[in-house]
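Report on one structure; see the data block that follows.
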Amino acid sequence: MENTEQTQEQLSALLQVRRDKLTELQNDGRDPFKITKFERTHTSAQLKENYTEEERELKKRGSDEVQIIKAQVSQFDGQTVSIAGRIMSKRGMGKVGFVHVSDIDGQIQLFVKKDILGEDEYARFKKLDIGDIIGAEGEVFTTQTGEISVRAEKITLLSKSLLPLPEKFHGMTDTDLRYRQRYIDLIMNADVKKTFINRSKIIASIRSYLNGQNFLEVETPMLVANAGGAAARPFETHFNALDEDFKLRISLELYLKRLIVGGFDKVYEIGRVFRNEGLDTRHNPEFTLMELYQAYTDYHGMMDLTENLYRHVAQEVLGTTKIVYNGVEMDLGKPFERITMVDAVKKYAGVDWNEVETLEQARELAKEHHIEFEERHKKGDILNLFFEEFVEEHLLQPTFVMDHPVEISPLTKKKPENPEYVERFEFFMNGWEMANAYSELNDPIDQRERFKAQEELLAQGDDEANTTDEDFMNALEIGMPPTGGIGFGIDRMCMLLTGAEAIRDVLLFPTMKTVGASENKKGQESATAGDDNNGFFTANEKIDFSNAKIEPIFEEMVDFETFAKSDFRAVKILACEAVPKSKKLLEFTLDDGVRKD
């Protein structure tokens with residue numbers, strides 16, 4: 001306890017010193033927050049881009065080749081430039097100081113000499129703190145150790161940092177804090193910054209490719225009366241001006257198809273969608289989705305487009321079509337495998353679905369293979385359960401899984417030769433679904449029947465089922481040409497191409513539980529309930545998870561590093577009951593101190 005209090009006192013003293021420095025600057029007429037601009041001529045990368053590691057090594061060795069190389073590549077040597085960025089380190093401080101300044105591209109060394117800067121300015125320089133943002137003007141030169149540097153002739157404090165950055169050696173390692181305070185994460189971790197720069201490049205490359213194929217980028221509503229186009233539960237809100245309830249979109253599909261009806265033959269949208277679902281290493285309730293639709297083609301055309309798009313993006317952003325994720329090399333340069341769902345289940349589960357003729361046979365097979373199903377599940381649903389249980393984890397290399405059962409594909413054209421299946425594919429890599437595509441259903445009569453079946457599922461308790469969108473039906477009745485469509489999960493694509501372990505690592509500001517939200521709600525409920533509590537949780541209780549361990553029987557099954565990136569909390573088990581008609585599932589009633597569910 002004493003150590004904690006001492007640390008807090010030391011931190012408070014540091015904060016006060018920084019504020020005192022700011023006050024002194026303001027009293028001296030040098031308030032950094034009154035500066036509105038700084039003319040920067042170069043970034044760190046621009047000053048270094050013509051220097052290679054080999055050339056620096058030659059400089060260190062004093063090679064005779066140095067002068068030749070210098071004449072060829074040191075185009076900024078001797079030139080006066082201006083740079084700007086955040087101070088990340090300081091050393092020296094006698095009559096000479098060295099500062100590393102960080103900008104968007106990396107870091108550049110600033111050489112500061114009292115004789116050059118002047119006594120008063122050098123004294124002000126010595127009072128600068130790590131984290132301060134400065135601008136500097138000076139001559140570019142190369143040190144004896146071969147480091148490209150700027151010899152400072154003038155330094156301007158542009159912003160005073162009032163809070164210290166995390167200590168350099170340990171950096172910012174608290175995963176939860178990294179996600180909540182991404183701005184510090186970006187300052188301290190160069191790899192994180194690189195990930196998000198590459199994410200931006202990936203999305204730009206996608207746009208470049210599609211625009212080159214004459215696709216038109218469009219924008220469609222996020223607030224919708226009917227959230228359709230996917231099997232997901234939507235977020236709901238109320239529009240005060242119209243006094244009407246709306247939903248946040250769960251898909252981009254139905255509006256883009258309206259545009260195909262309207263005569264736009266090739267359209268796409270990259271945008272946020274929102275699904276009221278759980279959080280884990282591959283799911284976030286708001287995420288970036290790209291959907292595109294092309295008239296006069298089918299799902300085979302979408303396969304070709306997907307293969308070419310992934311190959312193009314990897315080559316342009318990474319410079320190679322071979323990527324390695326968790327030690328597994330995946331080659332986007334080779335033709336992608338194409339396999340039907342029925343053949344995939346036969347290959348990995350040893351079950352030939354072509355021999356399954358009735359729902360009763362499907363249920364018996366599911367029981368034999370310990371596949372849990374619900375009473376509402378039909379034959380095609382059970383095939384999909386087999387696929388998820390036995391196949392997905394094996395699909396590491398780029399693979400198109402084609403021809404899904406009609407029961408799980410309400411917006412897709414049936415295969416003419418076998419109406420039990422539809423012209424649909426899912427694209428898999430690393431065992432993940434990366435994209436989902438259809439030969440789009442354009443028969444309004446068939447579509448209405450599919451919507452009707454979805455509404456029956458909704459009535460049976462499936463809160464992810466669709467409802468009929470009458471305006472979309474009206475558009476189909478106007479007439480939609482044969483169309484291929486596809487949806488890409490941009491975040492998962494970025495995970496694979498950047499090597500990120502969790503979806504939050506490719507989202508700048510992932511969804512997080514608000515700090516103190518549970519405590520505030522708990523306090524309000526405690527005030528209402530008086531002295532009533534459950535004997536386990538109290539309004540002011542804080543639980544220390546620092547020594548949390550995985551239950552021994554699960555140690556070999558759980559990757560703790562990945563698991564730790566998910567939200568978790570202590571709960572009290574109130575009840576445990578067997579799920580009816582199941583030999584494996586148990587239903588728990590849990591109390592997290594806020595509510596029971």
Side-chain angles (χ1 to χ4, degrees), residues 206 209-210 213 215 253 266 268 290-315 320-323 325 328-356 380 383-409 411-441 482-490 492-493 496-497:
I206 292 171
Y209 179 81
L210 293 178
Q213 299 294 314
F215 277 85
E253 180 169 350
K266 291 182 174 183
Y268 77 96
M290 182 189 77
E291 292 194 29
L292 65 84
Y293 294 85
Q294 179 178 344
Y296 311 114
T297 190
D298 62 3
Y299 73 144
H300 291 290
M302 293 295 101
M303 287 186 221
D304 295 338
L305 184 147
T306 301
E307 195 164 336
N308 292 332
L309 174 62
Y310 261 77
R311 199 168 288 143
H312 168 87
V313 172
Q315 185 65 52
T320 178
T321 57
K322 291 183 179 180
I323 62 173
Y325 189 86
V328 178
E329 182 177 277
M330 289 164 269
D331 191 352
L332 295 165
K334 296 179 179 178
F336 296 1
E337 181 182 3
R338 303 186 183 197
I339 186 172
T340 67
M341 181 176 283
V342 169
D343 287 343
V345 168
K346 183 176 181 180
K347 179 178 180 180
Y348 292 106
V351 175
D352 188 350
W353 212 258
N354 288 321
E355 297 178 358
V356 180
L383 169 61
N384 188 54
L385 293 175
F386 267 88
F387 174 78
E388 291 175 349
E389 180 71 21
F390 292 105
V391 181
E392 285 188 359
E393 62 181 338
H394 298 286
L395 305 179
L396 301 179
Q397 296 301 318
T399 304
F400 294 116
V401 177
M402 309 179 294
D403 302 348
H404 293 51
V406 68
E407 291 91 339
I408 63 170
S409 310
L411 298 169
T412 317
K413 272 192 174 182
K414 296 176 182 176
K415 293 185 70 64
E417 67 276 16
N418 189 349
E420 290 187 3
Y421 297 93
V422 297
E423 293 195 347
R424 172 186 174 188
F425 75 78
E426 290 175 294
F427 173 49
F428 282 84
M429 286 181 67
N430 192 52
W432 302 347
E433 178 198 338
M434 305 297 295
N436 188 19
Y438 308 150
S439 292
E440 301 295 339
L441 180 61
T483 299
I486 190 166
F488 289 89
I490 297 296
R492 289 187 187 177
M493 184 181 192
L496 276 184
L497 295 182

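Quantities reported herein were computed from a predicted structural model and do not represent experimental measurements.
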TODO: Apply the test side-chain contact (heavy atoms from CB on, under 4.5 Å) to residues Glu423 and His300: give CA-CA distance (whole Å), side-chain angles for both, the deciding distance (0.1 Å), then the verdict.
DONE: CA-CA 9 Å; Glu423 293 195 347; His300 291 290; 5.9 Å; no
Task: 4.5 Å side-chain heavy-atom contact, Met402 and Tyr421 - done: no
- [ ] Please work out which of the three classes, parallel, tilted or perpendicular, describes the rings of Tyr209 and His312, given edges at 30° and 60°.
- [x] tilted
Task: Considering all heavy atoms, the nearest Leu332-Pro398 contact - done: CD2-CG, 3.8 Å
TODO: Hey, could you give me the CD/CG distance between Glu426 and Leu395, rounded to the nearest 0.5 Å?
DONE: 10.0 Å
Open item on the list: I'd like to check Lys346 versus Trp353 (side-chain heavy atoms, cut-off strictly below 4.5 Å). Are they in contact?
Closed with: no
Task: Pairwise side-chain contact, Thr412 with His404, heavy-atom cut-off 4.5 Å (strictly under) - done: no
Open item on the list: Restricting to non-hydrogen atoms, name the atom on Ala295 and the atom on Thr483 that form the minimum distance, rounded to 0.1 Å.
Closed with: CA-OG1, 3.9 Å
Task: Under 3.5 Å: donor-acceptor pair, side chain of Lys415, backbone of Asp403 - done: no
- [ ] Using atom types as modelled and distance alone, determine if a side-chain donor or acceptor of Glu337 lies under 3.5 Å from a backbone N or O of Val401.
- [x] no
Open item on the list: Suppose we call two aromatic rings close when their centres sit under 6.0 Å apart. Are Tyr299 and Tyr438 close by that rule?
Closed with: no
Task: Heavy-atom closest contact (Ala435 atom, Phe488 atom, distance) - done: CB-CD2, 3.8 Å
Task: Shortest non-hydrogen contact between Leu497 and Ala314, atoms and distance - done: CD2-CB, 4.4 Å
Open item on the list: For Met429 versus Met434, what's the shortest heavy-atom pair and its separation?
Closed with: N-CG, 3.7 Å
Task: Asn430 (side chain) donor-acceptor with Trp432 (main chain) under 3.5 angstrom - done: no
TODO: Please name the pair of heavy atoms, one in Ile339 and one in Thr399, separated by the smallest distance, quoted to 0.1 Å.
DONE: CG2-CG2, 3.9 Å
Expected list for residues 303-310: side-chain donor-acceptor pairs under 3.5 angstrom, two or more places apart:
residue : atom : partner : partner atom : Å
Asp304  : OD1  : Arg338  : NH2          : 2.9
Thr306  : OG1  : Met302  : O            : 2.7
Glu307  : OE2  : Arg311  : NH2          : 2.9
Glu307  : OE2  : Phe336  : N            : 3.2
Asn308  : ND2  : Asp304  : O            : 3.1

Task: Rounded distance (nearest 0.5 Å) linking atom NZ of Lys347 with atom NE2 of His394 - done: 9.5 Å
TODO: Fit a plane to each ring of Phe427 and Phe400, take the angle between them on a 0 to 90° scale, and name the class: parallel (under 30°), tilted (30 to 60°) or perpendicular (over 60°).
DONE: tilted
- [ ] Kindly compute the distance separating CD1 (Ile486) from CZ (Phe425), expressed to the nearest 0.5 Å.
- [x] 3.5 Å
Task: Separation of Ile206 CD1 from Leu292 CG (nearest 0.5 Å) - done: 10.0 Å
TODO: Just do the side chain to side chain donor-acceptor pair (under 3.5 Å) check on Ser409 and Arg424 with the steps written out, would you?
DONE: CA-CA 8 Å; Ser409 310; Arg424 172 186 174 188; 2.9 Å; yes
